[in-house]
Number of protein chains: 2
Amino acid sequence: MRVSSMRDVAAAVRGRRKDLGLSQAAVADRVGVSRAWINAVEAGKPSVEFDLVLRLLDQLDLRLDINKPGSLGDVYKGRGVDLDTVLDDYRAR
Amino acid sequence: MRVSSMRDVAAAVRGRRKDLGLSQAAVADRVGVSRAWINAVEAGKPSVEFDLVLRLLDQLDLRLDINKPGSLGDVYKGRGVDLDTVLDDYRAR
DNA sequence: GGTGCTTGTCGGCGCTCGATGACATAGTAG
DNA sequence: CTACTATGTCATCGAGCGCCGACAAGCACC
């Protein structure tokens, strides 16, 4: 999933936290920040410190990647890989 | 490229800026931050604000992605895609 | 030599982040 | 109904971010 603003991080964090069945307080405790901070992040607050976000994503088992657009591996990112489509393209050559 | 700390961002930013042939001052001007801030980022300063980093990456034409580890699209990240290998695996089924 | 550009670093200052604690509002279980 | 939990929000306050301006060092070129 492409990250173009904190709102994207907010969505990813909230979704992942729900999936893991954790409360904001539990996550805050693991990451070592206040519950209010977690709440702010999930609200999409833009001016949060980068290293805290990294620790949050780490605790939620979320990976952050950075790439140059147009690189090969980048093609599949954000929309998933449909192997059937790939193979159909291959057979159609 | 995996981002596990600001040092990774620093490396990506510096490399990309060099590739684009821009000075720290030029980048700072585009992003709308001070030159000292760009310098700090490229030095790996951890406590920088997230939205500024996003604007920086945007100006450098770098993409930031967030995913759950183990997702399908994630498999290929960081080591590229060798289509021949993929197709060989397919034929061998 | 001198000029120019780039980068690293510093002191100062204003401003805001994040912590804390408290409060109110749902929602749920008993 | 009463607890209890989770979440959103607020005021206060200390600490640290980012800006500005300046300075020095490095490097290239003439």
Exercise. Under the side chain to side chain contact (heavy atoms under 4.5 Å, CB included) rule, collect the residues that match up with A/S4, sequence neighbours excluded.
Key: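 Listed in chain order: A/D8.
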Exercise. Name all residues meeting the side chain to side chain contact (heavy atoms under 4.5 Å, CB included) criterion together with A/A25; count only those two or more places apart in sequence or in a different chain, and write none if there are none.
Key: A/S23, A/R35
In the structure I gave you, are the side-chain heavy atoms of [X] and [Y] within less than 4.5 Å of one another anywhere?
| X | Y | value |
| --- | --- | --- |
| B/L20 | B/L60 | yes |
| B/V41 | B/M6 | yes |
| B/D61 | A/K68 | no |
| B/F50 | A/E49 | no |
| B/L54 | A/V3 | yes |

Quiz prompt | Residue among A/V48, A/V33, A/V27 satisfying side-chain contact (heavy atoms from CB on, under 4.5 Å) with A/L56 | solution = A/V27
Looking only at heavy atoms, what is the nearest atom pair of [X] and [Y], with distance?
| X | Y | result |
| --- | --- | --- |
| B/P69 | A/L62 | CD-CA, 4.1 Å |
| B/M1 | A/N67 | N-ND2, 3.5 Å |
| A/R30 | A/L22 | NH2-CD2, 3.8 Å |

Quiz item: Contacts to DNA chain C from residues 43-53 of chain A, heavy-atom cutoff under 4.0 Å, which residues?
Solution: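 By residue number: A/K45, A/S47, A/V48, A/E49, A/L52.
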Quiz item: Residues from residues 22-41 of chain A sitting under 4.0 Å of DNA chain D, heavy atoms only?
Solution: A/S23, A/Q24, A/R35, A/N39
Exercise. Identify, residue by residue, the members of residues 5-19 of chain B with a heavy atom below 4.0 Å from DNA chain D, and return them in order of residue number, or none.
Key: none
Quiz prompt | Bend angle of the helix from C/dG1-D/dC30 to C/dG30-D/dC1, from helix axes over five pairs at each end, nearest 10° | solution = 40°
Quiz prompt | Sole candidate of A/R7, A/R17, A/R16 that passes salt bridge (Lys or Arg N to Asp or Glu O under 4.0 Å) when paired with A/E42 | solution =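 For A/E42, the salt bridge (Lys or Arg N to Asp or Glu O under 4.0 Å) test succeeds with only one of A/R7, A/R17, A/R16, which is A/R17.
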